[in-house]
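Reading through the structure tokens given below for one structure.
Here is how names work: the chains are called A, B, and so on, in the same order as the sequence lines, proteins then strands, and each is numbered from 1.
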Protein chains: 2
Amino acid sequence: MVLDDIDKKILRLLQENAHYTLKDIANKINLSLTPVHDRVKRLEKEGVIEKYVSILNKKKLGNNLTVYCQVTLTKQTYDTSEGFNQAILEMPEVVECNYVSGNFDYMLKIIIPDMESYHHFHQKKLSVLPEVSLINTVFVISEVKSTTVLPI
Amino acid sequence: MVLDDIDKKILRLLQENAHYTLKDIANKINLSLTPVHDRVKRLEKEGVIEKYVSILNKKKLGNNLTVYCQVTLTKQTYDTSEGFNQAILEMPEVVECNYVSGNFDYMLKIIIPDMESYHHFHQKKLSVLPEVSLINTVFVISEVKSTTVLPI
DNA sequence: ACTTTTACAGAAATATTTTCTGTTTGAAAG
DNA sequence: CTTTCAAACAGAAAATATTTCTGTAAAAGT
């Protein structure tokens, strides 16, 4: 799918604020409602726009600790990976999980209330997985930037 | 601010899909429009709901490479940190940046078209910052999980 | 040269959000 | 003990937004 300049403008706006109305967008890019509507629907259908979500404030929900876990598996086989992946998908405190290159196998991002909850998560949920051999924890001291906006 | 069970149900729904209508939500939690409307407005006003955004598909935008950069600064002073932070905020390919504990100072997440773009970013944008002393790159081979949904 | 497609505009129909009015309930004040 | 007040909710009306329909003009394909 080819994205022209108008598509890109629409995407930039919608990335910022999913509650912009078609009229808002139409005004900002000097078009009528129809093409804006058609383009947004097309972008949704093609999967360029994956979904619309609400971003909540972690701290106001009581999640005051963010950590990265660098995980090494016991074996680098497909079955071991798949088992680990499935387990991770079930854990709501794991908000990111990527299989990576380097000295460890997975990089995880965990959002959790406090150190005590992390201790529990580490000891009772993560390290007990049969696929997990080693966990190295990197604590976030201060968040500088966190955005869902992709460069277009 | 105290969140009761109804607030939490609303937040869980809106985290999933910011385009649920008040009616959708009202139906799902067996309430009329009024309390749903009032609660959503209150949650927005209190900052529990920070914003509504559209999630775009990275690959469909041509961003096929994700990497973590582990950055060590030249000095651990406030001014050095602040200088680095400001520079990072200006870089659209950096979607996450956290000051962390451990063997390095910052953990960055970079979303970028390909290895060539990363090479350019690394050499011409990141390593040239006067605050940066060392960069260790961890390449994402495969994305297992990536969510904006926080545990409630 | 003709047909088809694409991109757009305007307006009508439908749906949603917002505002208004009012009821019930439970807690605080007299 | 009863009166007052505020919070939580329901229903309906008003204001907005989205969706659908009709139509035009320009570009692309036959």
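Hydrophobic cluster membership differs between A:V138 and A:I141, with clusters built from Ile, Leu, Val, Met, Phe, Trp and Tyr side chains linked at under 4.5 angstrom. Note on B:L150: it clusters hydrophobically with B:L11, by side-chain heavy-atom contacts below 4.5 Å among ILVMFWY residues. Cluster annotation: B:Y20 is not connected to A:V53 through the hydrophobic network of ILVMFWY side chains, with a link wherever side-chain heavy atoms come within less than 4.5 Å.
The pair A:E50-B:K60 does not meet the salt-bridge criterion, since no charged nitrogen lies less than 4.0 angstrom from a carboxylate oxygen.
Between B:D4 atom CG and D:dC9 atom C1' the separation is 13 Å, expressed in whole Å. One interatomic measurement links the two molecules: CG of A:L43 to P of C:dA7, which rounds to 11 Å at whole-angstrom precision. With rounding to whole Å, B:K41 atom NZ is found 18 Å from D:dA8 atom P.
If you look at A:Y52 and B:Y52, their ring centroids are not closer than 6.0 Å. When ring centroids are compared, A:F139 and A:Y68 stay outside the 6.0 Å threshold.
Heavy-atom contacts from other residues, nucleotides or ligands closer than 6.0 Å to NZ of B:K23 number 12 or fewer.
Tested against A:I110, the residues A:T137, A:T66, A:V94, A:N63 include a single side-chain contact (heavy atoms from CB on, under 4.5 Å) partner, A:V94.
The stretch residues 11-29 of chain B touches DNA chain C through B:T21, B:L22, B:K23, each having a heavy atom under 4.0 angstrom from the strand. Contacts between residues 31-38 of chain A and DNA chain C, defined by a heavy-atom separation below 4.0 Å, involve A:L31, A:S32, A:T34, A:P35, listed by number.
Between B:R39 and D:dC9 there is a side-chain polar atom (N or O) within less than 4.0 angstrom of OP1 or OP2.
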